[in-house]
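Please read the structure below before turning to the comments.
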Amino acid sequence: MNEARIDKWLWASRIFKTRSIAADACKNGRVTIGGMNVKPSRPVKVGEVVDVKKPPITYSFRILQCIEQRVGAKLVPEIYENVTDPKQYELLEMSRISGFIDRARGTGRPTKKDRRQIDAFIEPAMFGFDDEED
């Protein structure tokens with residue numbers, strides 16, 4: 001097979017867990033080829049580079065085989081080559097390190113561990129409060 005639908009290829013190569021998630025990513029502009037947003041039905045060919053935005057980074061994959069049937073995880077290296085820029089992985093590591101400070105809106109209350117880290121960061125003395133009350 002020398003062509004495959006992009007949504008099927010993304011699912012078959014295990015980049016997305018389901019085909020519908022892959023199709024939604026295409027529709028919402030998170031999948032690009034050559035800087036252009038693609039529709040789920042766009043055919044892909046061997047040698048093309050697919051960019052997939054999974055916040056906070058953008059992954060890049062060079063297609064080695066066009067497939068539409070899902071394969072085992074051990075066969076993935078034969079399907080695509082990961083050509084993601086190393087700077088993107090640094091971004092990912094930085095977002096892991098920053099953790100609670102960059103809390104996404106709507107993710108709920110801080111955990112007990114987060115709360116302690118926030119309290120340790122913001123000392124009461126910064127605001128002119130005294131620990132002693134008479």
Side-chain angles (χ1 to χ4, degrees):
M1 186 180 284
N2 56 359
E3 277 190 356
R5 284 176 55 114
I6 185 71
D7 62 337
K8 285 186 180 182
W9 185 84
L10 289 168
W11 165 75
S13 59
R14 296 181 166 269
I15 294 169
F16 288 103
K17 192 171 184 177
T18 66
R19 184 172 160 205
S20 60
I21 294 172
D24 287 342
C26 293
K27 289 175 190 168
N28 294 327
R30 292 192 297 268
V31 178
T32 59
I33 297 176
M36 301 283 291
N37 289 343
V38 295
K39 292 182 179 179
S41 62
R42 184 195 188 279
V44 292
K45 298 178 181 118
V46 174
E48 287 184 315
V49 176
V50 178
D51 295 324
V52 180
K53 291 177 193 149
K54 287 187 175 183
I57 69 172
T58 303
Y59 296 95
S60 299
F61 306 104
R62 179 172 288 117
I63 299 172
L64 303 177
Q65 279 185 17
C66 291
I67 58 169
E68 289 190 345
Q69 296 294 313
R70 197 160 170 97
V71 296
K74 289 182 179 180
L75 299 176
V76 166
E78 300 171 14
I79 307 303
Y80 63 80
E81 176 186 0
N82 191 344
V83 291
T84 306
D85 185 21
K87 290 179 183 175
Q88 294 289 326
Y89 288 113
E90 290 175 18
L91 269 173
L92 182 63
E93 191 59 34
M94 289 303 289
S95 70
R96 282 191 185 140
I97 292 169
S98 67
F100 74 94
I101 295 169
D102 229 2
R103 191 174 212 59
R105 184 175 168 87
T107 56
R109 294 169 50 177
T111 63
K112 187 182 272 189
K113 182 180 177 184
D114 290 344
R115 182 79 242 160
R116 287 181 181 144
Q117 287 176 331
I118 292 169
D119 289 343
F121 181 72
I122 302 172
E123 296 182 22
M126 288 176 60
F127 297 104
F129 297 120
D130 289 333
D131 290 339
E132 301 173 16
E133 291 185 22
D134 291 59

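- Counting only heavy atoms from C-beta outward, the side chains of R19 and R5 approach each other to under 4.5 Å.
- Atom CD in E81 sits 5.0 Å away from atom CZ in R62 (nearest 0.5 Å).
- Contact detail for K53 and G29: the closest heavy-atom pair is NZ-O, 3.7 Å.
- Here the straight-line distance linking atom CD1 of I21 with atom CG of D7 works out to 12.5 Å at 0.5 Å rounding.
- Under a hydrophobic clustering in which Ile, Leu, Val, Met, Phe, Trp and Tyr are joined whenever their side-chain heavy atoms come within less than 4.5 Å, directly or via other members, L10 and I33 fall into the same cluster.
- Atom CZ of residue R42 and atom NZ of residue K45 lie 7.0 Å apart, to the nearest 0.5 angstrom.
- Here the side chains of I67 and W9 are in contact, with some heavy-atom distance below 4.5 Å.
- The shortest non-hydrogen separation linking R14 to G72 is NE-C, 3.7 Å.
- Side chains of N2 and V46 form no contact here, defined as non-hydrogen atoms less than 4.5 Å apart.
- Contact of the F61 side chain with the N82 side chain is registered, since non-hydrogen atoms from C-beta on lie closer than 4.5 Å.
- Taking NZ of K87 as the start and CD1 of I57 as the end, the distance is 14.5 Å to the nearest 0.5 Å.
- For the pair P40 and A23, the tightest heavy-atom approach, listed with the atom from each and the gap, is CG-O, 3.7 Å.
- Contact between T58 and T84 at its shortest, heavy atoms only, is O-CG2, 3.5 Å.
- Considering CZ of R70 and CD1 of I79, their distance stands at 11.5 Å, rounded to 0.5 Å.
- Under the 4.5 Å side-chain heavy-atom criterion for ILVMFWY residues, a single connected hydrophobic cluster contains both V44 and V71.
- Proximity of I15 to Y80: side-chain heavy atoms (C-beta onward) are separated by under 4.5 Å at one or more points.
- The closest side-chain heavy-atom distance from Y59 to Q88 is not below 4.5 Å.
- V76 and V50 end up in the same hydrophobic cluster when Ile, Leu, Val, Met, Phe, Trp and Tyr side chains are linked at under 4.5 Å.
- For the atom pair CD1 (I63) and CD1 (I6), the distance works out to 5.5 Å, reported to the nearest 0.5 Å.
- Other residues, nucleotides and ligands contribute over 12 non-hydrogen atoms within 6.0 Å of the NZ atom of K54.
- The salt bridge (charged side-chain N to carboxylate O under 4.0 Å, His left out) test applied to E90 returns no partner, not counting sequence neighbours.
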